[in-house]
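This is a predicted model, so every value here is computed, not measured.
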Amino acid sequence: MKHLWMIPMLAAALLGTACSAEDDLQTGAGEGNVSFSIEVPAEIAQIETRATSGYALPAELVPSVDAFALQLTGTYLDAQNLSHTYQNSWETVAAFHAEKPDLNAGTYSATFTYGEASVEGVGKPYFTGALTNFEVKANKTSTYPVTCKLANSCFTLQVSQWMLNYYKDIQLTIHTATNSFTYTLTSTQPTELVFVNPSQVLSISGSAVKSQTGVEVEFPKSSIGGSLAAETKYAVQVDHGSAGAGSLKITFDGTFTEVAEVEVELNPEV
């Protein structure tokens, strides 16, 4: 009867050995593959007047999940237990998935980017995402989720009807630390979405002509609002200060800035 009990015990031992061997194949030395499931949310924060709400980026400004550039780094141990580093890059995630490179089992990190971080302008969103310390297992394909978000800020400029009634030939410029964007404004419609670097303060300057008197005025360069946040849309709204007052009232990120007009001397030497 003792021999009868040895059969299930032997089967259990063999099963344990098989599981251990499988685990070794997945986590020990060897090669495996990895793929990424990328999510790109279109929703960002929006700050307008004193309210904060959600804002959906236009579909044409949200990149395809396959369009992101990929940088991959990692460390792994070889059969002699010696440590090695890995580094490679692909122009697109689509190219990486098509190649399906064999990677040594180890610990890796991936960085995903779309656009250029330092470039500002219309149609220049910069998205980024990262995945750190994920495992590549031997003889196994692992899929990891990652979220890539807008990493820069954006704004629109808009003037009120009162501003258009009081002034004509309105020209306003929004300044960043390295660029300027000039607009000739003839309607109350917001301008195109401009993407700019975060963590900086915008300034405004401009000129106009008073509709009733024909006097040309300038608005000296003045800082508006606070430091820009990433993944956020701002609405710069410009109004005439008050009836008979020579100033602009600028609403931005929940704050108000008054910019006094300066009359232009037509013949300063006379």
Is it the case that the side chain of Asn139 and the backbone of Gly30 share a donor-acceptor pair, with hydrogens and angles ignored and the cut-off at 3.5 Å?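 Answer holds: no.
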Can a donor-acceptor pair be found, under 3.5 Å and without considering hydrogens, that links the side chain of Gln200 to the backbone of Ala177?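 Here the side-chain-to-backbone pair exists.
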Might you work through the side-chain contact (heavy atoms from CB on, under 4.5 Å) test for Gln46 and Ile44, ending with a clear yes or no? CA-CA 7 Å; Gln46 175 174 235; Ile44 63 174; over 6 Å; no
On a heavy-atom basis, which atom in [X] and which in [Y] lie closest, and how many Å separate them?
{"X": "Ala105", "Y": "Ala138", "result": "CB-N, 3.7 Å"}
{"X": "Leu61", "Y": "Pro125", "result": "O-CG, 3.6 Å"}
{"X": "Val122", "Y": "Glu192", "result": "CG1-OE2, 3.6 Å"}
{"X": "Ala229", "Y": "Ser153", "result": "O-OG, 2.5 Å"}
{"X": "Ala151", "Y": "Pro198", "result": "O-CG, 3.5 Å"}
{"X": "Thr92", "Y": "Ala67", "result": "CG2-O, 4.2 Å"}

Approximate separation, where rounding is to 0.5 Å, of [X] [atom1] and [Y] [atom2]:
{"X": "Gln161", "Y": "Asp239", "atom1": "CD", "atom2": "CG", "value": "10.5 Å"}
{"X": "Asn88", "Y": "Gln71", "atom1": "CG", "atom2": "CD", "value": "10.0 Å"}
{"X": "Asn133", "Y": "Thr75", "atom1": "CG", "atom2": "OG1", "value": "8.5 Å"}
{"X": "Lys233", "Y": "Phe195", "atom1": "NZ", "atom2": "CZ", "value": "10.5 Å"}
{"X": "Ser222", "Y": "Ile250", "atom1": "OG", "atom2": "CD1", "value": "6.5 Å"}
{"X": "Leu248", "Y": "Ile204", "atom1": "CG", "atom2": "CD1", "value": "7.0 Å"}

Atom [atom1] of [X]: over 12 foreign heavy atoms under 6.0 Å:
{"X": "Glu99", "atom1": "CD", "value": "yes"}
{"X": "Gln87", "atom1": "CD", "value": "no"}
{"X": "Lys249", "atom1": "NZ", "value": "no"}
{"X": "Glu43", "atom1": "CD", "value": "yes"}
{"X": "Glu91", "atom1": "CD", "value": "no"}

Compare all side-chain heavy atoms of [X] with those of [Y] and state whether any distance is below 4.5 angstrom.
{"X": "Leu164", "Y": "Thr188", "value": "yes"}
{"X": "Ser118", "Y": "Thr178", "value": "no"}
{"X": "Val146", "Y": "Tyr144", "value": "no"}
{"X": "Asn33", "Y": "Asp102", "value": "yes"}
{"X": "Trp90", "Y": "Leu72", "value": "yes"}
{"X": "Tyr55", "Y": "Leu57", "value": "yes"}
{"X": "Val194", "Y": "Glu120", "value": "no"}
{"X": "Phe181", "Y": "Val196", "value": "yes"}

Under the side-chain contact (heavy atoms from CB on, under 4.5 Å) criterion, do Leu131 and Tyr108 qualify, and how do the steps go? CA-CA 9 Å; Leu131 188 64; Tyr108 291 78; over 6 Å; no
Between [Y] and [X], is there a side-chain donor-acceptor contact under 3.5 Å, judged purely by atom types and distance?
{"X": "Ser109", "Y": "Thr73", "result": "no"}
{"X": "Glu135", "Y": "Thr107", "result": "yes"}
{"X": "Ser207", "Y": "Gln171", "result": "no"}

Can you list the residues that meet the side-chain contact (heavy atoms from CB on, under 4.5 Å) rule with Gln158, with sequence neighbours excluded?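 Here the qualifying residues are Pro190, Gln237.
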Just jot down the side-chain contact (heavy atoms from CB on, under 4.5 Å) partners of Pro41, sequence neighbours excluded, or say none.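 Glu39, Thr147, Lys149.
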Same cluster or not: [X] versus [Y], using hydrophobic residues (I, L, V, M, F, W, Y) connected whenever any side-chain heavy atoms lie under 4.5 Å apart?
{"X": "Phe134", "Y": "Leu70", "answer": "yes"}
{"X": "Leu193", "Y": "Tyr126", "answer": "no"}
{"X": "Tyr86", "Y": "Phe112", "answer": "yes"}
{"X": "Val215", "Y": "Leu172", "answer": "yes"}
{"X": "Val201", "Y": "Phe155", "answer": "no"}

Residues Leu185, Leu157; criterion side-chain contact (heavy atoms from CB on, under 4.5 Å); working and verdict: CA-CA 9 Å; Leu185 298 155; Leu157 174 65; 4.1 Å; yes
What about [X] and [Y], are their ring centers closer than 6.0 Å?
{"X": "Tyr167", "Y": "Phe219", "answer": "yes"}
{"X": "Tyr234", "Y": "Phe252", "answer": "yes"}
{"X": "Phe68", "Y": "Phe36", "answer": "no"}

Begin from the C-alpha positions of Val93 and Val65 and carry the test side-chain contact (heavy atoms from CB on, under 4.5 Å) through to its verdict. CA-CA 8 Å; Val93 171; Val65 296; over 6 Å; no
